[in-house]
Amino acid sequence: MTCAIITSQSRPAVGIEGEILFEASRIREGRPLYIDPIAGTHEYGEPPTRYYVLYPPLWSWLVSLLPESAALLGSRIIATLLWLGLICAIVASARQSSRWVMGLGGLFIAGTYVLILYGSSGRPDSAALCLAGIGLLLSVKAGRSGFLAGVLFALAAWLKPHIIGLGAGAFLATLLIDRRAAGFTVLGALAVSAPIAFILQKASGGVWISHLVMSTAQPLVMSIWLDNLYSRLPFFAAFICFAAWCGFHERSSINARVALSALAASVFWTLLLLAKTGSASNYWMEPCVAALIVLSQSVPSRLSPILATVATLQALWVGIATVRSSLDDIENTPKQSAILAKARQICGIGRQDVVLADEPGFEFSLNNRVIATPYQFTHLVTSGMFPVEIWQNDLIRPDVRCLVVHTDILERPLSAVDIQTDLFPPRIREVLSQRFVLAAQDGGMHVYRLRNGTQSDAPKN
């Protein structure tokens, strides 16, 4: 948590943050959000900007209400407050006798590096989970979901489409308990979903669903699933299993059954999503929220010596990993920000020249726009859904005169490229390698300038 606070202002926008900031900028400036990525938009000059709108743009619209200079930091602050506020609300909902145990569970979630990394970022995850978490709390308290819970669950999914486990689990439990209440849950979801879908359909000219599919429907891969289980499950398995065990022993309570159903649905959904190309630790945020809510209904007032020992060992192991990762972030973040700020100077280019990057956030900070979104385009190119020649031609335009990468280092041989994890496919990396040469590196960031003799290698004013 301390790391997130220390680096919140200096940490460059990475991953989805950059796409959200760019979409928010277009909304703020009154530009059309949905474009034809094949044709691109030439509003910013050459090369044209090409992208698919990532999610239904509710969060992007909210971020657009912030001043551009404060959008990144402001969205991070809001997300952090929502994430920590939800954890505190769940802890406060527990029985007084077991609140100290709940407090330890809340601290575990709030202090785990891979969770707070996403909980404190300017992404929609925290806002969506806050809505879904409150909806589940209301459902657990009432012993069934209802109209308001349906509204909250639906809004969560509109903010971040993969946040559906809590709502699905609560609804399924309600369907078995009280079908009338389940009907009201559906009505609540429809009451908020119908106007949102209508507005998006009108504003996008009917293409918002295709944008959503093209930007998020990456393939499921068994090797990725196995790797994610191996690398991430040990962080959360003990905590989730303990919550499930406590909930099972309280299954006679209708409130505990609703919470336990939400936990089962969110765990199942997360395990499925772990096979998705591009899956990350943020998928574990939802089952951790569900586990904490289950514990609020079922955690014992005291832990047995065995459970206390297991919990201590788990906390120590996760704590050591968190401290190491946090210290690395604190050390590297200023270096990354500094080299990013000097990228144009390192490449010897002017303000009108274009800087490419493997992260949309880097491109947005350097160009005030995104050129392309490599992660989505790589998988679209691989599946034959986007012409690679269009992307290649954009990279060799005279205005493109610098490259910044964080993960896709050009020195890596093409034979070592893995399209499941890398951000540039081989044919794009080949073009970039021929055009650029390493000029500087620091904090894990690499800046490449044009090779001598490359077209337009003379500095511009």
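Counting begins at 1 with the first residue of the sequence.
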Nearest heavy-atom pair of [X] and [Y]: which atoms, and what distance?
X	Y	answer
Ser60	Ala24	O-CB, 3.4 Å
Ala259	Val294	O-CG2, 3.3 Å
Val53	Ser215	O-OG, 3.3 Å
Arg435	Val400	NH2-O, 2.8 Å
Arg397	Pro47	CD-CB, 3.2 Å
Phe362	Pro12	CE2-CB, 3.7 Å

- Message: Is the ring pair His446/Tyr448 parallel, tilted or perpendicular, if the boundaries are 30 and 60 degrees?
- Response: parallel
- Task: Measure up the Trp158 and Trp208 rings against each other and bin them: parallel (under 30°), tilted (30 to 60°), perpendicular (over 60°).
- Result: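 Aromatic pair Trp158/Trp208 classed tilted.
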Between [Y] and [X], does any NZ, NE, NH1 or NH2 come within less than 4.0 Å of an OD or OE carboxylate oxygen?
X	Y	answer
Arg429	Asp408	yes
Glu43	Arg369	no
Glu19	Arg123	no

Report yes or no: does [X] contribute a side-chain atom to a donor-acceptor pair with the main-chain N or O of [Y] at less than 3.5 Å?
X	Y	value
Ser193	Leu190	no
Ser261	Arg257	no
Arg11	Gln336	no
Glu17	Gly122	yes
Glu286	Ser266	no
Ser93	Ile90	yes
Ser120	Thr80	no
Thr270	Val267	no
Thr49	Thr41	no
Arg449	Ala440	no

How long is the gap from [atom1] on [X] to [atom2] on [Y], to the nearest 0.5 Å?
X	Y	atom1	atom2	result
Tyr113	Ser281	OH	OG	9.5 Å
Ser365	Leu72	OG	CG	9.5 Å
Asn282	Leu273	CG	CG	9.5 Å
Tyr375	Leu380	OH	CG	10.0 Å
Ile409	Ser433	CD1	OG	11.5 Å

- Message: Determine whether the aromatic ring centres of residues Phe171 and Phe153 are separated by less than 6.0 angstrom.
- Response: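 Distance test on ring centres: not under 6.0 Å, no.
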Under a 4.5 Å cut-off applied to non-hydrogen side-chain atoms, are [X] and [Y] in contact?
X	Y	result
Val431	Ile428	no
Leu86	Leu82	no
Glu389	Arg427	yes
Thr216	Tyr55	yes
Trp284	Thr112	no
Pro57	Leu200	yes
Val355	Glu363	no
Thr373	Leu54	no

- Task: Can you establish whether the number of heavy atoms outside Gln345 located under 6.0 Å from its atom CD is more than 12?
- Result: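 Atom CD in Gln345 is not packed in, count stays at 12 or less.
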- Message: If the test is side-chain contact (heavy atoms from CB on, under 4.5 Å), which one of Gln218, Arg50, Met214 qualifies with Gln376?
- Response: Gln218
- Measure from NZ or CZ of Arg31 to the centre of the six-membered ring of Tyr44, then state whether that distance is under 6.0 Å and the direction lies within 45° of the axis. yes
- Task: Take Asp358 and Thr407, measure what side-chain hydrogen bond (donor to acceptor under 3.5 Å, both in side chains) needs, and give me the verdict at the end.
- Result: CA-CA 7 Å; Asp358 60 351; Thr407 58; 3.3 Å; yes
- Task: Take Phe377 and Trp391, measure what ring pair (Phe, Tyr, Trp, His ring centres under 6.0 Å) needs, and give me the verdict at the end.
- Result: CA-CA 9 Å; Phe377 278 36; Trp391 194 2; 5.8 Å; yes
- Message: Per the ring-ring contact (aromatic ring centres under 6.0 Å, His included) rule, what does the pair list look like for residues 11-39, sequence neighbours excluded?
- Response: Phe22-Tyr51, Tyr34-His211
- Task: Name all pairs fulfilling the disulfide bond (SG atoms under 2.5 Å apart) condition that reach into residues 342-406, sequence neighbours left out, sorted by first residue then second.
- Result: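 Listed by first then second residue: Cys347-Cys402.
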- Query: Which pairs count as side-chain hydrogen bond (donor to acceptor under 3.5 Å, both in side chains) when at least one residue sits in residues 176-189, sequence neighbours excluded?
  - Reply: Arg144-Asp178, Ser145-Thr185
